[in-house]
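Here's the structure we're looking at; comments come further down.
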Amino acid sequence: MLFLGKEIPTPLTLASGILGISFSSLQRVIRDGAGMVTTKSLSIEPRIGHEGPIMAEFNGGLINSVGLTNPGIQDGLAEVEKFHQNCHGVVIVSVFGGNAAEFVELTKAVNDSSADILELNLSCPNVEDEFKRPFALMPDKTTEIVAAVAAVSRIPILAKLSPNSNDITTMAKLAEAAGAHGLTMINTLGHGMVIDAIARRPVLRNNFGGISGPCIKPLAIKLIHDVYQVVKIPILGTGGISTGLDAIEMMMAGASAVAVGTAVYDQGLNVFKSIRAEMEAFMETHGYADYSDLIGILEEN
Amino acid sequence: MLFLGKEIPTPLTLASGILGISFSSLQRVIRDGAGMVTTKSLSIEPRIGHEGPIMAEFNGGLINSVGLTNPGIQDGLAEVEKFHQNCHGVVIVSVFGGNAAEFVELTKAVNDSSADILELNLSCPNVEDEFKRPFALMPDKTTEIVAAVAAVSRIPILAKLSPNSNDITTMAKLAEAAGAHGLTMINTLGHGMVIDAIARRPVLRNNFGGISGPCIKPLAIKLIHDVYQVVKIPILGTGGISTGLDAIEMMMAGASAVAVGTAVYDQGLNVFKSIRAEMEAFMETHGYADYSDLIGILEEN
Amino acid sequence: MKCDRQTLPIATIHEENASLRTFTFEGKLDATPGQFIMLTVFSQGEKPFSILNADKTSFALTIKNVGPFTDRLFQMKSGDLVSVRGPYGRSFSNNLGRVLMVGGGFATPPLLFLAKRLRAAGVAYMATINGARTTSDLLYVHDFDELSDRSLIATDDGSLGHKGTSVDLMEAILSEERFDQIYISGPEKMMLAAVPVAKHHHLRFEVNLERYMKCGVGVCGSCVMDPLGLILCMEGPIIDAQTLDKLEEFGVSHRGKTGRIEPI
Amino acid sequence: MKCDRQTLPIATIHEENASLRTFTFEGKLDATPGQFIMLTVFSQGEKPFSILNADKTSFALTIKNVGPFTDRLFQMKSGDLVSVRGPYGRSFSNNLGRVLMVGGGFATPPLLFLAKRLRAAGVAYMATINGARTTSDLLYVHDFDELSDRSLIATDDGSLGHKGTSVDLMEAILSEERFDQIYISGPEKMMLAAVPVAKHHHLRFEVNLERYMKCGVGVCGSCVMDPLGLILCMEGPIIDAQTLDKLEEFGVSHRGKTGRIEPI
Ligand SMILES: Cc1cc2nc3c(=O)[nH]c(=O)nc-3n(C[C@H](O)[C@H](O)[C@H](O)COP(=O)(O)OP(=O)(O)OC[C@H]3O[C@@H](n4cnc5c(N)ncnc54)[C@H](O)[C@@H]3O)c2cc1C
Ligand SMILES: Cc1cc2nc3c(=O)[nH]c(=O)nc-3n(C[C@H](O)[C@H](O)[C@H](O)COP(=O)(O)OP(=O)(O)OC[C@H]3O[C@@H](n4cnc5c(N)ncnc54)[C@H](O)[C@@H]3O)c2cc1C
Ligand SMILES: Cc1cc2nc3c(=O)[nH]c(=O)nc-3n(C[C@H](O)[C@H](O)[C@H](O)COP(=O)(O)O)c2cc1C
Ligand SMILES: Cc1cc2nc3c(=O)[nH]c(=O)nc-3n(C[C@H](O)[C@H](O)[C@H](O)COP(=O)(O)O)c2cc1C
Ligand code: FES
Ligand code: FES
């Protein structure tokens with residue numbers, strides 16, 4: 001099938017932030033069955049991110065406050081070059097800037113690389129102390145950044161949206177109007193807090209973090225369903241996918257491809273092989289010829 | 001311990017909407033170990049609510065779109081009278097009106113009953129088609145309704161808040177300023193959608209519903225923690241509690257009492273006995289003398 | 001996973017009479033007699049139905065067309081998709097002594113299911129009474145006949161068997177024969193008449209109750225019965241004599257769609 | 001539940017030398033030698049540490065004060081609460097033939113753990129080499145001595161045992177004796193020197209690698225090693241000879257706190 005003009009063997013994608021720092025792990029995810037991989041969000045300068053614990057488990061998912069640890073755009077793009085030396089998978093480079101000018105600078109760097117698709121992380125909830133509210137909650141910022149990037153980018157742009165927006169359909173329409181070629185949704189929900197009752201303290205060093213995993217799937221599906229009705233650009237669906245059926249459901253709700261994050265934590269890299277096989281089995285059993293036949297076919301009751 | 005001036009043997013409470021239609025099931029919940037029970041939200045006229053399926057399960061919780069099925073305030077309060085004929089538990093009567101005038105009418109009816117505490121459901125996400133956005137998302141409506149009710153109510157008032165508000169601390173402060181004696185938080189999150197991939201349809205007849213259960217606990221705890229910092233009135237914490245430790249954590253985050261909903265679905269009425277015992281065991285093991293010693297003792301890292 | 005659903009096509013539809021049809025499905029339902037499922041007709045609603053039959057590969061329901069949901073269902077053809085969750089609730093006890101079944105109207109599906117299971121398990125003696133208004137309303141006449149040691153029929157109009165009610169026949173048979181257990185499933189008024197008869201003979205018995213059910217899993221409260229706070233969807237629909245004694249609502253009142261108490 | 005945490009007080013603190021302390025905890029850790037845990041000091045951070053010892057009721061870690069986290073830990077007293085999750089990672093193999101352990105500096109905890117387990121399991125012959133810069137840096141001298149059939153010591157300054165490195169002693173012992181398996185745990189430079197020696201003698205061996213670890217459960221990517229994309233926290237820290245051969249980063253580079261590649 002095609003996603004943003006790229007031929008991919010399966011709509012299954014690695015979400016940003018999971019093992020997405022080195023070319024070698026990205027290649028491994030492709031070998032394990034994914035059609036596309038997303039890098040960790042890259043900023044202009046390297047970032048250490050938050051102190052650990054950066055993740056805490058609860059019944060239904062994870063909270064994380066990685067805080068955008070990354071080696072910086074230059075080193076990150078060097079990994080993308082190494083990736084492409086002997087691997088044909090599609091690489092989505094996720095970038096994060098503190099303002100529109102930084103996003104433009106990042107985009108220019110990506111232009112000079114072999115990256116296939118550019119993802120704008122407008123929605124990280126883990127750097128609010130530093131950067132205030134995520135851009136994806138602010139209509140004017142979303143428009144400004146997407147438009148500025150669209151003016152310079154030589155590759156397709158995905159705008160990554162937040163479930164914490166009160167009105168994600170408006171944000172989606174603004175991103176589309178500003179020139180985004182697709183949307184990635186959703187980023188983590190929250191904040192959530194997991195407490196250690198014995199120590200009387202939050203488990204995370206940063207006290208709270210974004211919520212991901214199976215528990216956010218019904219929310220992701222509802223939001224994708226809503227956004228699918230109002231935009232024409234494709235959606236990269238993410239949020240709680242851990243089985244082939246989850247992926248199929250998300251595509252029926254309107255996603256053109258699907259990205260997996262937290263399930264890697266639950267099931268290891270093997271999850272790509274198993275989800276891909278389950279998706280293929282569903283297609284076979286229920287007589288769908290092509291993944292594109294699934295997109296948005298959900299009918300409301 | 002005391003909650004809004006009522007002596008209760010345990011802070012454990014039945015949340016609104018779970019078995020809360022008949023005096024007999026409310027009495028049973030008290031016998032099974034709860035200190036307080038909340039009725040289903042009552043409206044002026046009886047309501048059929050939505051067609052089934054009204055509930056769908058997913059990995060981490062439930063979505064529901066009951067749609068405020070209830071026998072109306074008159075019949076509902078008759079159940080409260082029957083309840084008090086031979087049972088000493090504290091009854092929180094939840095009410096739902098379409099505007100401030102209806103809330104006032106409901107409050108007057110409650111004044112003439114043996115209800116102990118009044119809960120204002122400002123946050124039901126399942127009647128948006130009928131009543132538009134929940135009041136708990138609208139600062140002016142929240143203030144208007146709480147103030148109007150506070151002017152007439154003869155019993156303490158709890159305002160029930162929504163996690164879908166972008167700024168729940170502001171809503172909490174407004175409710176407090178308008179005269180609420182306490183806050184109940186959180187109502188269900190969302191909307192969420194659960195899909196039947198074979199039928200290509202949402203499972204719920206109403207297509208989507210509010211999300212409850214273990215998956216919303218980290219969100220509830222974070223929001224309670226935030227609100228606890230900015231209000232002086234007590235919080236009835238609810239959202240994903242299914243063990244004694246969950247309840248303890250929520251109290252440490254700032255709740256003065258805790259209400260249980262979805263866990264009744266998972267574990268049956270027995271859940272009150274087990275959570276109560278687990279809470280008591282924790283208190284014993286860790287040397288807390290009184291439940292009030294737990295409230296808000298969480299320290300950030 | 002209490003709400004684990006199966007979405008599957010209707011396999012066959014058998015017309016029992018003008019208003020009753022038996023729907024079969026190819027799917028596994030690990031059910032015992034007396035239990036029920038929640039059936040979804042997409043874009044319409046979801047309703048409870050007793051299980052007529054369930055084995056490793058298929059199950060069946062007999063349904064009466066009484067309103068919008070059942071009407072929509074009666075418009076469906078084999079191959080159309082519906083969704084089923086369950087089984088839910090408690091089932092009849094498994095008495096392998098001398099048992100009597102008393103059924104009325106279209107509440108007999110769980111009794112036929114029970115008769116099959118008890119026969120297969122080697123019940124000592126089984127008599128069945130099947131009552132309805134008229135012959136065309138009688139369900140499973142042939143099946144009860146085949147399975148029972150003695151099978152009796154009553155019709156209000158006398159068009160088949162005894163002219164009168166199944167409770168008449170129940171009184172008659174109890175004065176003739178000894179039983180260890182009675183299983184009763186019929187309209188509430190009929191069961192209300194049958195219960196004193198069973199008590200009079202000091203016999204163990206169980207009834208199959210119906211209340212408005214919306215969730216089927218003990219959450220919504222619509223099926224609760226006073227003053228026990230009995231949650232019928234989980235703790236019924238099969239109720240024993242001791243419990244029934246304390247259910248003051250039996251034969252008197254039930255809760256409607258809004259949860260309001262209404263006389264029966 | 002990969003992140004299942006235990007919050008518990010420090011039971012005892014034993015000062016091994018000026019910069020190394022052994023912390024014990026009363027808690028259960030179902031661990032095997034070579035595995036590690038993630039240790040949280042509240043309001044400070046979380047860091048990986050090898051398990052020195054673990055039985056049904058207690059476990060221990062030996063920790064060197066090298067920076068802010070360990071410094072804060074060294075200010076804590078017994079009774080102070082910390083939190084531990086794990087065990088994580090793969091452990092050493094369980095060879096009960098003739099085994100040689102080669103340890104350097106404060107990377108010896110997993111070797112002592114292994115020595116105890118192999119001895120208890122009836123290892124045929126076990127020789128251990130323990131090296132450090134100077135006598136006061138040597139860990140567990142007495143324990144290795146007790147457990148081993150032959151125990152050797154090397155110090156850079158010659159203050160105890162052989163003057164030189166544990167790799168010198170390794171070369172020497174391999175020319176004298178026959179072994180089935182070598183276990184190596186020390187600074188990466190030391191292991192880099194030891195590996196060709198083991199290869200030269202065509203011996204099976206395993207090394208204990210360290211990389212920056214933040215999640216410990218295969219998510220954050222900080223511990224990944226090129227070009228295999230090996231996730232050291234899950235697929236290591238114990239690595240066998242075949243895998244090590246393909247890890248071009250061994251002895252060359254590692255990723256720092258930002259994920260940036262840095263020379264070792
Ligand atoms: C445990 C149980 C087992 C049942 N088994 C069978 C069965 O085997 N065959 C069969 O034909 N019917 C059975 N019923 C009744 C069946 O659920 C109703 O006939 C059906 O719901 C009618 O829906 P409707 O929309 O067609 O009619 P409506 O017009 O909605 O209602 C007609 C009548 O059906 C009953 N009813 C409607 N909705 C419900 C509900 N949610 N729960 C309970 N009763 C309801 C009420 O008495 C109502 O007056 C059973 C009910 C219960 C509770
Ligand atoms: C699998 C494994 C097992 C380990 N076992 C032990 C042990 O048994 N005893 C012991 O004293 N130390 C052990 N370490 C090293 C220990 O994690 C570091 O000494 C500790 O993290 C230092 O933290 P700091 O804040 O005190 O020092 P910092 O100033 O933060 O760092 C000092 C040095 O410690 C190392 N380091 C810091 N953070 C990490 C990290 N997150 N992951 C890996 N290395 C880090 C780096 O080399 C760094 O240069 C182990 C490391 C790993 C990966
Ligand atoms: C540990 C972790 C790190 C993440 N880092 C990033 C990131 O750097 N950039 C980003 O856009 N999203 C990041 N995310 C969000 C995921 O890409 C994804 O949108 C979200 O987790 C929902 O999907 P999931 O439920 O499959 O995990 C991160 C998520 C997790 C769990
Ligand atoms: C089936 C169901 C019905 C509910 N009905 C109501 C209601 O009528 N009024 C109300 O204020 N909250 C209602 N709620 C919300 C609960 O009271 C509670 O706030 C929420 O479910 C979070 O708690 P939990 O995770 O323990 O279920 C309902 C929840 C469920 C699951
Ligand atoms: S049908 Fe909902 S509680 Fe029984
Ligand atoms: S430490 Fe995070 S992947 Fe290994």
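Lettering follows sequence order; numbering is per chain, from 1.
The contact between C/Leu81 and chain B is made entirely by side chain atoms (from C-beta outward), counting heavy-atom distances below 4.5 Å. For a residue to count as touching a neighbouring chain, one of its non-hydrogen atoms must lie under 4.5 Å from one of that chain's; by this rule C/Val219 touches chain B with backbone and side chain alike. Residue B/Lys82 touches chain C through its side chain alone, counting heavy-atom pairs closer than 4.5 Å. Residue contact with chain B, scored on non-hydrogen atoms closer than 4.5 Å, is absent for C/Glu262. Interface remark: C/Arg255 contributes side-chain atoms only to the contact with chain B (heavy atom separation under 4.5 Å). With a 4.5 angstrom heavy-atom cutoff, C/Thr40 touches chain B only via side-chain atoms.
By the 6.0 Å contact criterion, CD on B/Gln74 is open, its count of non-hydrogen atoms from other residues, nucleotides or ligands being 12 or less. The environment of CD in C/Glu26 is sparse: at most 12 heavy-atom neighbours from other residues, nucleotides or ligands sit within 6.0 Å. In the displayed structure, C/Asp30 atom CG is contacted under 6.0 Å by at most 12 heavy atoms of other residues, nucleotides or ligands. No more than 12 heavy-atom neighbours from other residues, nucleotides or ligands sit within 6.0 angstrom of CZ on C/Arg204.
Taking 4.5 Å as the limit, some side-chain heavy atom of B/Phe23 sits within range of a side-chain heavy atom of C/Pro227. In this structure, the side chains of B/Leu19 and C/Ile231 come closer than 4.5 Å at one or more pairs of heavy atoms.
Remark: the backbone N or O of C/Phe42 is not paired with any side-chain donor or acceptor of B/Arg201 at under 3.5 angstrom. Side-chain N or O atoms of C/Lys257 include none that pairs as donor or acceptor with a backbone N or O of B/Thr69 at under 3.5 Å.
Atom OG in B/Ser24 sits 8.5 Å away from atom CG in C/Leu230 (nearest 0.5 Å).
Counting heavy-atom pairs closer than 4.5 Å to chain B, the top-ranked of the candidates C/Cys223, C/Gly256, C/Ser43 is C/Ser43. Here C/Arg5 is the residue among C/Met234, C/Arg5, C/Met225, C/Lys47 with the most heavy-atom pairs under 4.5 Å with chain B. The most heavy-atom pairs under 4.5 Å with chain C, out of B/Asp266, B/Leu26, B/Leu269, B/Asn70, come from B/Asn70. Interface check for chain C: of the options B/Arg28, B/Glu51, B/Glu79, B/Gln27, the most heavy-atom pairs under 4.5 Å are formed by B/Arg28. Top candidate by heavy-atom pairs under 4.5 Å with chain B, chosen from C/Cys220, C/Gly221, C/Gly229, is C/Gly229. The candidate with the highest count of non-hydrogen atom pairs below 4.5 Å against chain C, out of B/Asp196, B/Val264, B/Ile198, B/Ile21, is B/Asp196. Top candidate by heavy-atom pairs under 4.5 Å with chain C, chosen from B/Asn207, B/Ile54, B/Leu62, is B/Ile54. Across B/Ala56, B/Ala199, B/Gly261, the residue that shares the most heavy-atom pairs under 4.5 angstrom with chain C is B/Ala199.
The pair C/Arg260-B/Glu45 does not meet the salt-bridge criterion, since no charged nitrogen lies less than 4.0 angstrom from a carboxylate oxygen.
Taking both residues in full, the closest heavy atoms of C/Val217 and B/Met55 are given as CG2-CE, 3.7 Å, listed atom of the first, atom of the second, then distance.
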